[in-house]
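Ligands are counted one by one from 1 in listed order, and the atoms in each one are counted from 1 as well. All residue numbers refer to positions in the sequence shown, counting from 1.
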Amino acid sequence: MALEKEAKRMAAEFEYTKDDLNKGVKEFLAEMEEGLEKQGTHLSQIPTYVTAVPNGTEKGTFLAVDLGGTNFRVCSITLHGNHTFSLTQSKVAVPRTLMETDSASELFSFMAKQIETFLKQHHADHYETHMAKPGEVSYFDLGFTFSFPVEQVGINKGRLVRWTKGFSIQEAIGKDVCELLQKEIKALNLPVKVSALVNDTVGTLMARSYTSPGKESTLLGAIFGTGTNGAYVEKLSAVKKMAMIDEQEGGTKYDRSTGLMIVNTEWGSFDNSLKVLPDTPYDQSLDRESNNPGIQMFEKRVSGMFLGEILRRAMLALHNHSSPGVSFLKDKSSADNDMTTTTTIDPDSVLFKQWGIDTSVLSIVEEDQSDHLRITKQILEKDLMVSSAATEDAIAIKMLVHAIGKRAARLAAVALGAVVIESKRLETEGFADIGVDGSLVEYYPGFEDYIREAFREIEGIGPEGEKKIRIGLAKDGSGLGAALIALVAHQAEKAGNV
Ligand code: BGC
């Protein structure tokens with residue numbers, strides 16, 4: 001009983017009320033506006049130099065690479081021009097040693113080598129002809145999805161502002177990441193031109209626009225995966241800082257004729273000063289012991305990389321509870337039959353390791369409807385090396401998981417809801433279309449339902465507005481999206497539009 005009561009109390013610390021939601025949206029709207037006006041704000045609101053969304057008729061073959069967090073992907077994409085495409089891809093995990101290192105070229109040459117292997121495998125003729133007779137075949141245009149905050153100054157030019165999601169390579173900060181990649185590609189003499197720099201959210205927005213039938217365009221692309229972020233279609237005239245950036249860079253090139261600019265919000269850093277974000281003791285210690293304290297504060301409460309760690313910290317607090325009655329993952333005696341359950345935790349359990357618990361654990365526990373939470377106990381045994389956990393332990397974990405996951409979804413609704421409200425699309429077009437991708441939206445049970453429940457509580461959306469918001473999965477959209485942007489870049493260059 002004492003355990004259940006304490007778990008309930010802790011779960012309540014994660015509650016994010018209707019009032020909190022509305023305060024969150026208000027602050028988000030203010031930070032959106034501030035970010036459009038000047039640089040160096042929490043919400044970076046980065047102009048991406050992509051000034052239109054596709055309509056599904058685009059054609060051609062392009063390469064795309066994607067450095068997102070956990071994996072590195074290389075793909076070639078053929079757009080058929082009828083909302084469909086074919087895609088060939090290879091995927092490798094990024095070795096941890098390359099994520100935290102002194103030398104940027106180690107990471108970028110790793111990427112170039114993966115491109116080389118891909119070309120040899122999937123475009124052997126093209127590759128061999130180029131090697132034998134340079135100049136004979138054309139270069140592939142490559143869209144580079146680089147999902148970290150980058151100060152973009154052109155369609156294929158951008159300086160890294162900071163690393164997120166566990167990466168840390170000081171040397172790369174402030175450098176143009178396209179140039180870093182192009183240099184390594186050149187060293188291998190590959191027929192590839194890095195023609196577009198793309199954030200994964202922009203790719204998701206483009207992919208959703210290309211694949212969704214109908215003439216209406218998508219408003220927003222959002223990722224809820226290892227990290228979180230969103231990019232949306234803004235009126236060029238609203239991006240007030242554009243003139244200042246132009247001046248600083250001695251002129252920037254982009255197509256002004258559409259009157260639009262896709263803006264990468266970098267909402268992972270929304271409210272870094274914690275004006276409105278919830279802040280439990282577990283959030284606090286997670287941040288303090290992370291490699292980037294004080295930044296990405298929204299992301300640290302919402303995205304996949306962090307939810308497992310929040311849970312781990314809450315579980316540890318419960319396990320180490322000072323009251324002996326709160327016996328969590330410890331031996332328990334039962335008053336009914338005088339029996340004692342002996343629970344052991346291996347000292348090597350991931351419960352004791354920072355970042356040890358994967359978000360997939362939360363998804364499985366949230367989903368668990370089995371008798372006596374058998375599945376949760378199996379996960380404890382298999383993934384956390386906890387043997388003979390009691391049903392009370394599993395119940396306590398489920399309460400915490402549910403609270404952490406639901407809070408993440410309600411916070412996600414703050415960001416999505418604010419962008420929808422700012423766009424006024426519910427009033428002007430009668431609906432707003434959102435493309436999403438990432439492990440949380442794809443696998444976390446009920447994530448979208450919790451988001452929708454929150455939408456209904458947000459002033460300016462409400463139950464009527466919620467029905468008009470379409471959310472569609474743009475799976476692996478970043479590859480397709482990067483190809484689409486490479487195409488736009490190629491066409492603009494050919495037409496002399498930039
Ligand atoms: C990065 C964003 C990215 C997001 C989702 C964040 O950590 O800052 O650029 O879009 O993760 O991958």
So, the side chain of N199 versus the backbone of S147: is there a donor-acceptor pair under 3.5 Å, distance only? no

Residues two or more places apart in sequence or in another chain: which of them pass side-chain contact (heavy atoms from CB on, under 4.5 Å) with A403? A11, F14

Go through the structure and list residues passing ring pair (Phe, Tyr, Trp, His ring centres under 6.0 Å) with F72, not counting sequence neighbours. none

Taking NZ, NE, NH1 and NH2 as the nitrogens, is one of them in K275 or E27 under 4.0 Å from a carboxylate oxygen of the other? yes

Salt bridge or not for R410 and E453, using N-O below 4.0 Å? yes

Of all residues at least two apart in sequence or in a different chain, which pass the salt bridge (Lys or Arg N to Asp or Glu O under 4.0 Å) check with E249? R159

Sorted by chain and residue number, the residues with a non-hydrogen atom under 4.0 Å of ligand 1 are S147, F148, P149, T164, K165, N199, D200, T201, I223, G227, T228, N229, E266, Q296, E299

